[in-house]
Engineer: 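I'd like to ask some things about the structure below.
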Amino acid sequence: MKQQLEQQQSNNSLNLYEQDFQLWIEQTINSLETKQFNSLDIENLIEELKELGKSEKRALESNLMVLLAHLLKLMVQHDAPDSMTQSWYRSIIEHRQRILIALKNTPSLKSYLETALERAYPDGRNLAIQEGKKASFGVRIPPENEYPNICPFSLEQILDQDFFNLPNE
């Protein structure tokens with residue numbers, strides 16, 4: 001009888017997970033707070049916790065990708081007018097700040113930073129190339145080989161709030 005009740009609760013929990021995710025979260029939190037562990041939907045809880053860690057890593061990579069793309073554009077399209085470069089500066093400041101906040105709020109992400117850079121650089125390079133092809137205002141369209149295949153920036157530079165890859169830096 002007890003086993004049947006636990007199976008029914010598990011099935012209800014699974015159905016709730018599929019039908020109303022927010023309510024599933026609330027009930028899961030309540031079960032944890034009241035130590036009613038037998039009513040937990042363990043399988044989905046484990047998957048959600050794994051996904052939570054993955055989403056923080058994906059956000060770090062995404063912010064790195066945009067930051068790197070705009071650092072590369074400043075490096076390669078150094079002749080772009082201020083109207084273009086100012087937007088790149090703002091983007092660099094914003095995405096660098098997002099990265100620094102993520103590292104502050106989740107210190108364990110620091111151990112993933114090197115891997116995130118390796119994963120984000122090719123996409124950042126591609127983004128810079130694609131955006132570079134859309135150059136206007138008479139700005140030259142740089143050939144792809146002007147964008148280094150290997151990241152030219154150190155992690156220290158990438159995280160340095162005063163680094164913008166200017167010629168005198």
Side-chain angles (χ1 to χ4, degrees), residues 17-26 28-29 41 43-169:
Y17 177 81
E18 293 170 356
Q19 294 172 357
D20 188 340
F21 182 69
Q22 189 59 42
L23 183 57
W24 176 85
I25 289 174
E26 290 172 17
T28 299
I29 291 169
D41 175 4
E43 263 184 52
N44 286 316
L45 180 57
I46 290 169
E47 281 306 307
E48 288 303 320
L49 290 172
K50 285 180 182 177
E51 240 350 91
L52 182 62
K54 288 179 188 175
S55 69
E56 287 192 2
K57 288 178 177 179
R58 282 192 300 268
L60 178 64
E61 289 173 18
S62 177
N63 284 308
L64 271 170
M65 177 189 69
V66 175
L67 171 62
L68 291 165
H70 290 130
L71 284 172
L72 283 170
K73 287 172 74 171
L74 283 173
M75 181 177 86
V76 174
Q77 292 182 279
H78 48 79
D79 55 348
D82 282 349
S83 59
M84 291 174 70
T85 60
Q86 288 306 310
S87 127
W88 302 338
Y89 284 120
R90 285 190 296 278
S91 175
I92 289 167
I93 291 167
E94 175 187 343
H95 290 277
R96 184 176 280 143
Q97 189 63 35
R98 288 179 183 196
I99 291 166
L100 293 172
I101 289 170
L103 294 173
K104 178 181 158 194
N105 291 342
T106 311
S108 62
L109 279 177
K110 289 177 186 166
S111 66
Y112 181 70
L113 200 50
E114 191 72 43
T115 301
L117 177 58
E118 290 171 10
R119 296 177 93 175
Y121 184 76
D123 293 330
R125 179 182 181 268
N126 186 52
L127 180 62
I129 291 168
Q130 296 308 312
E131 288 182 3
K133 289 179 181 177
K134 306 288 185 223
S136 56
F137 306 112
V139 175
R140 75 177 179 87
I141 297 175
E144 286 187 29
N145 65 358
E146 287 189 29
Y147 298 90
N149 287 318
I150 297 172
C151 183
F153 316 114
S154 69
L155 274 174
E156 292 75 27
Q157 290 172 320
I158 291 167
L159 298 176
D160 181 351
Q161 292 182 310
D162 296 321
F163 178 76
F164 291 97
N165 196 30
L166 300 174
N168 59 355
E169 286 184 301

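If you're wondering where the values come from, they're calculated on a predicted model, not measured in any experiment.
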Engineer: Looking only at non-hydrogen atoms, find the nearest pair between Asp160 and Asp162 and report the distance.
Structural biologist: OD1-N, 2.8 Å
Engineer: Find out whether Leu68 and Leu117 are in side-chain contact, i.e. whether some heavy atom of one side chain is under 4.5 Å from a heavy atom of the other.
Structural biologist: yes
Engineer: For Phe21, what residues pass the ring-ring contact (aromatic ring centres under 6.0 Å, His included) criterion, not counting sequence neighbours?
Structural biologist: Tyr17, Trp24
Engineer: A side-chain contact here means heavy atoms from C-beta on lying under 4.5 Å apart; do Leu103 and Leu159 qualify?
Structural biologist: yes
Engineer: With Arg96, which residues qualify under side-chain contact (heavy atoms from CB on, under 4.5 Å), at least two apart?
Structural biologist: Leu67, Leu71, Ile92, Leu100, Gln161, Phe163, Phe164
Engineer: Scan residues 98-112 for pairs that pass salt bridge (charged side-chain N to carboxylate O under 4.0 Å, His left out), counting only residues two or more places apart or in two chains.
Structural biologist: Glu94-Arg98
Engineer: Return yes when atom CD of Glu118 has more than 12 non-hydrogen atoms of other residues, nucleotides or ligands closer than 6.0 Å, and no otherwise.
Structural biologist: yes
Engineer: Looking only at heavy atoms, what is the nearest atom pair of Tyr147 and Gly132, with distance?
Structural biologist: OH-CA, 4.0 Å
Engineer: Output the distance between atom NZ (Lys73) and atom OG (Ser91), rounded to the nearest 0.5 Å.
Structural biologist: 8.5 Å
Engineer: Closest approach of Pro142 and Gln77, non-hydrogen atoms and distance?
Structural biologist: CG-CG, 3.6 Å
Engineer: Give the minimum heavy-atom separation between Gln157 and Pro152, together with the two atoms involved.
Structural biologist: OE1-O, 4.0 Å
Engineer: Taking side-chain contact (heavy atoms from CB on, under 4.5 Å) as the test, write out the residues that go with Ala102, two or more places apart.
Structural biologist: Leu109
Engineer: Not counting sequence neighbours, which residues clear side-chain contact (heavy atoms from CB on, under 4.5 Å) with Leu49? List them please.
Structural biologist: Leu45
Engineer: Looking at every non-hydrogen atom in both residues, tell me the closest pair between Trp88 and Ala80 and how far apart they are.
Structural biologist: CH2-CB, 3.8 Å
Engineer: Over all heavy atoms of both residues, which pair between Arg125 and Glu144 is shortest? Give the atoms and the distance, please.
Structural biologist: NH2-O, 3.2 Å
Engineer: For Glu47, check side-chain contact (heavy atoms from CB on, under 4.5 Å) against everything at least two apart and list the hits.
Structural biologist: Lys50
